[in-house]
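The chain is numbered in sequence order, starting from 1. Heavy-atom basis, side chains included; hydrogens, waters and symmetry copies ignored. What you see is a predicted model; the values in this text were computed from it and never measured.
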Amino acid sequence: MLKEYKTIKEVVGPLMLVEGVEGVKYNELVEILQKDGEKRRGRVLEVDRDRALVQLFENSHGLQIATSRAKFLGRSMELAVSEDMLGRVFDGMGNPRDGGAPVIAEKRMDVNGEPINPAARDYPNEFIQTGISAIDGLNTLVRGQKLPVFSMSGLPHAELAAQIARQARVLKSDEKFAVVFAAVGITYEEADYFIRDFQETGAITRTVLFTNLANDPAIERIATPKMALTAAEYLAYDLGMHVLVIITDITNYCEALREVSAARKEVPGRRGYPGYLYTDLAAMYERAGRIRGKKGSITQIPILTMPEDDKTHPIPDLTGYITEGQIILSRELYKKGIIPPVDVLPSLSRLKDKGIGVGKTREDHADTMNQLFSAYARGKEAKELSAILGEAALSETDKLYAAFAEEFEKRYVSQGFTVNRSIEETLDLGWELLRILPRAELKRIKEQYLDKYYEK
């Protein structure tokens with residue numbers, strides 16, 4: 001029998017204190033029943049002897065605590081999951097937002113999930129094609145990887161996220177591929193953009209979309225990524241699908257954590273964020289991966305905007321520690337009209353070597369990737385030197401490298417948000433650009449590949 005309590009003592013912002021409780025557990029769901037029949041929901045955030053601190057999912061405005069009753073439901077937050085979720089749009093709490101009927105549950109799953117046992121993890125080693133040359137050719141995404149995108153306010157990370165969601169696929173595999181897209185704390189216009197983009201391109205049929213709007217409560221912002229990852233775990237490990245999870249914007253999620261932490265009067269950590277920010281982010285990111293003996297996998301692309309364009313800010317800093325690399329967007333490239341503005345030199349995919357080569361992409365991939373990086377770095381140096389000393393100070397070879405860097409940005413990195421390049425097209429374009437340089441300069445590529453591709 002579920003107990004109801006009329007001992008609600010106070011409400012401060014999203015927090016409510018209930019006294020005289022028995023047998024209440026951390027994370028347990030709570031219903032707040034008002035005299036007029038209205039119901040609000042929350043979860044237990046803290047238990048101290050017979051006092052329970054409850055975090056409200058909705059706004060506390062208009063809550064009459066003198067006549068309200070708190071009912072503890074004896075279970076934590078769950079998501080009703082089924083294959084019918086594909087093609088649907090939900091809010092941050094898992095309720096339908098597309099006007100359709102609620103999902104008929106195959107099962108109900110705890111949204112907090114469980115970390116994958118490290119001993120059961122399988123090593124990521126299969127290439128995922130995003131159709132974006134700057135990622136596929138130079139910072140390859142591998143199935144089961146966590147590869148965040150570090151953006152800055154005003155840069156087109158929403159368009160990049162939609163492009164990856166539309167185009168991503170596992171090559172040479174007939175297994176099902178799905179996308180779970182979680183939009184956290186976004187505006188109505190952005191939410192509408194994602195939904196329309198997926199519907200118009202047909203990508204919606206393999207996508208589960210969770211949208212939390214900027215005017216939704218902070219607690220819903222915290223729940224949204226957990227809902228998305230729970231749906232992904234069901235699709236991956238119960239239905240055997242390859243699932244790509246895209247979460248945008250992690251910064252909004254962390255701001256919501258800070259807001260709730262401040263309301264609880266916790267001792268703040270760096271820049272006012274709670275001291276457990278690292279643990280919280282790790283618990284979320286580590287739900288990606290592959291499990292031995294299971295066909296499915298979860299690959300994660302979290303997208304975050306760096307406050308004040310600062311890479312050392314706690315959110316990108318901690319994310320970089322937990323994940324396997326980062327794709328960095330550049331304001332400078334965006335001003336030059338390079339779309340998507342991926343800054344390839346500071347970007348890094350720590351698992352790129354595991355997903356490329358014979359049988360995965362192409363034999364020459366690793367060598368051309370290293371040569372393109374090297375040539376672009378030297379070309380940028382030459383351009384900087386030319387800006388300071390004038391073009392006359394450059395040698396003939398330096399001029400070729402400067403020309404290479406210019407063409408590389410215009411043709412290789414810049415491809416727009418609608419072009420979907422196969423890995424063969426990306427690699428062939430790389431060779432086309434490398435022919436700007438004399439063969440003797442291509443010291444990072446084996447002779448057999450130079451004979452086969454450079455002399456074409």
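Closest approach of Ile186 and Thr248 over heavy atoms only: CG2-O, 4.3 Å. A pairwise comparison of heavy atoms in Asn212 and Gly92 identifies CB-CA, 4.4 Å as the closest pair. Taking both residues in full, the closest heavy atoms of Ala178 and Leu86 are given as CB-CD2, 3.9 Å, listed atom of the first, atom of the second, then distance. Of all non-hydrogen atoms in Ala231 and Val81, the two that sit nearest each other are CA-CG1, 4.4 Å. Across Val142 and Pro124, no two heavy atoms sit closer than the pair CG1-C, 3.5 Å. Among all heavy-atom pairs drawn from Ile322 and Ala282, the shortest one is CD1-N, 3.6 Å.
The pair Lys6-Glu19 does not meet the salt-bridge criterion, since no charged nitrogen lies less than 4.0 angstrom from a carboxylate oxygen. Salt-bridge annotation for Arg75 and Glu28: absent, with no side-chain N of the basic residue lying under 4.0 Å from a carboxylate O of the acidic one. Between Asp122 and Lys294, no side-chain nitrogen of the basic residue sits less than 4.0 Å from a carboxylate oxygen of the acidic one, so the salt-bridge criterion is not met. In this structure, Arg97 pairs ionically with Asp216, as a charged nitrogen and a carboxylate oxygen lie closer than 4.0 Å. Under the 4.0 Å criterion applied to side-chain N and carboxylate O atoms, Arg350 and Glu324 are not assigned as salt-bridge partners. Salt-bridge formation is detected for the pair Glu255/Arg258: a Lys NZ or Arg NE/NH1/NH2 atom is positioned less than 4.0 Å from an Asp or Glu carboxylate oxygen. Taking a cutoff of 4.0 Å between a charged side-chain nitrogen and a carboxylate oxygen, Lys3 and Glu22 qualify as a salt bridge. Salt-bridge formation is not detected for the pair Glu381/Lys383: no Lys NZ or Arg NE/NH1/NH2 atom is positioned less than 4.0 Å from an Asp or Glu carboxylate oxygen. No salt bridge links Glu46 with Arg51; every basic N to acidic carboxylate O contact stays at or beyond 4.0 Å. We find that Glu233 and Lys226 are not joined by a salt bridge, their nearest charged nitrogen and carboxylate oxygen being 4.0 Å or further apart. Between Arg331 and Asp309, at least one side-chain nitrogen of the basic residue sits less than 4.0 Å from a carboxylate oxygen of the acidic one, meeting the salt-bridge criterion.
At a cut-off of 3.5 Å, with distance as the only test, a side-chain donor of Tyr253 or Asp280 sits close to an acceptor on the other residue. With no hydrogens or angles considered, a side-chain donor-acceptor pair links Ser261 and Glu266 at under 3.5 Å. Checked by atom type, the side-chain pair Tyr376/Glu409 shows a donor-acceptor distance below 3.5 Å. Between the side chains of Ser76 and Asp110, a donor-acceptor pair is found at a separation under 3.5 Å.
The side-chain heavy atoms of Arg206 and Phe177, taken from C-beta on, include a pair separated by under 4.5 Å. Annotation: side chain of Glu4 is in contact with side chain of Leu33 (closest heavy-atom distance under 4.5 Å). Here the side chains of Val180 and Leu244 are not in contact, with every heavy-atom distance at 4.5 Å or above. Contact annotation: the side chain of Arg41 never approaches that of Val30 to less than 4.5 Å [non-hydrogen atoms, C-beta and beyond]. Asp197 places none of its side-chain heavy atoms less than 4.5 Å from the side chain of Phe417. For the pair Glu189/Asp192, no side-chain contact is recorded, criterion being any heavy-atom separation below 4.5 Å from C-beta on. For the pair Pro316 and Leu304, the minimum side-chain heavy-atom distance is below 4.5 Å. Under the 4.5 Å side-chain criterion, counting only non-hydrogen atoms from C-beta, Val44 is not in contact with Asn27.
Between the side chain of Thr361 and the main chain of Gly357, a donor-acceptor pair closer than 3.5 Å is present. Side chain of Gln415 to main chain of Ser133: a donor-acceptor pair is present (N/O by atom type, distance under 3.5 Å, no hydrogens or angles). Checked by atom type and distance alone, the side chain of Glu126 never pairs as donor or acceptor with a backbone atom of Val170 at under 3.5 Å. Panel note: side chain His365, backbone Leu427; no donor-acceptor pair is recorded below 3.5 Å. Arg166 places no side-chain N or O within 3.5 Å of a backbone atom of Gly202 that could act as its donor or acceptor partner. Side-chain atoms of Asp91 come within 3.5 Å of backbone atoms of Asn95 as a donor-acceptor pair (strictly under, hydrogens ignored). Listed for the Thr299 side chain is a donor-acceptor partner under 3.5 Å among the backbone atoms of Gly144. The closest donor-acceptor contact from the side chain of Thr130 to the backbone of Ile132 lies under 3.5 Å. A donor-acceptor contact shorter than 3.5 Å is absent between the side chain of Thr305 and the backbone of Ser151. Side-chain atoms of Ser414 come within 3.5 Å of backbone N or O of Ile339 as a donor-acceptor pair.
Residue Tyr276 places its OH atom among more than 12 non-hydrogen atoms of other residues, nucleotides or ligands, all under 6.0 Å distant. Other residues, nucleotides and ligands place no more than 12 heavy atoms under 6.0 Å from the CZ atom of Arg49. Counting non-hydrogen atoms of neighbouring residues, nucleotides and ligands closer than 6.0 angstrom, the NZ atom of Lys311 reaches no more than 12 such neighbours.
Ring geometry for Phe181 versus Phe194: interplanar angle of 30 to 60°, hence tilted.
Scored by the side-chain contact (heavy atoms from CB on, under 4.5 Å) test, Asp98 finds Arg88, Val89, Pro96 as partners (sequence neighbours excluded). Among residues two or more places apart in sequence or in another chain, the side-chain contact (heavy atoms from CB on, under 4.5 Å) test is passed with Arg270 by Pro314, Asp317, Leu318. The side-chain contact (heavy atoms from CB on, under 4.5 Å) test applied to Asn252 returns Val184, Arg221, Asp249, not counting sequence neighbours.
Ring centers of Tyr5 and Phe72: under 6.0 Å apart, within the cut-off. Centroid-to-centroid, the aromatic rings of Tyr273 and His313 come within less than 6.0 Å.
The distance from the CE atom of Met284 to the CD1 atom of Ile250 is 3.5 Å, given to the nearest 0.5 Å.
Remark: of the listed residues Gln145, Arg143, Arg290, Arg290 is the sole one forming a side chain to side chain donor-acceptor pair (under 3.5 Å) with Asn125.
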Would you sort out whether Leu345 and Phe373 count as a side-chain contact (heavy atoms from CB on, under 4.5 Å), showing the intermediate values? CA-CA 7 Å; Leu345 295 181; Phe373 262 118; 3.9 Å; yes

Verify side-chain contact (heavy atoms from CB on, under 4.5 Å) between Leu45 and Arg264, making sure each step is shown before the conclusion. CA-CA 10 Å; Leu45 207 55; Arg264 289 175 71 181; 3.3 Å; yes

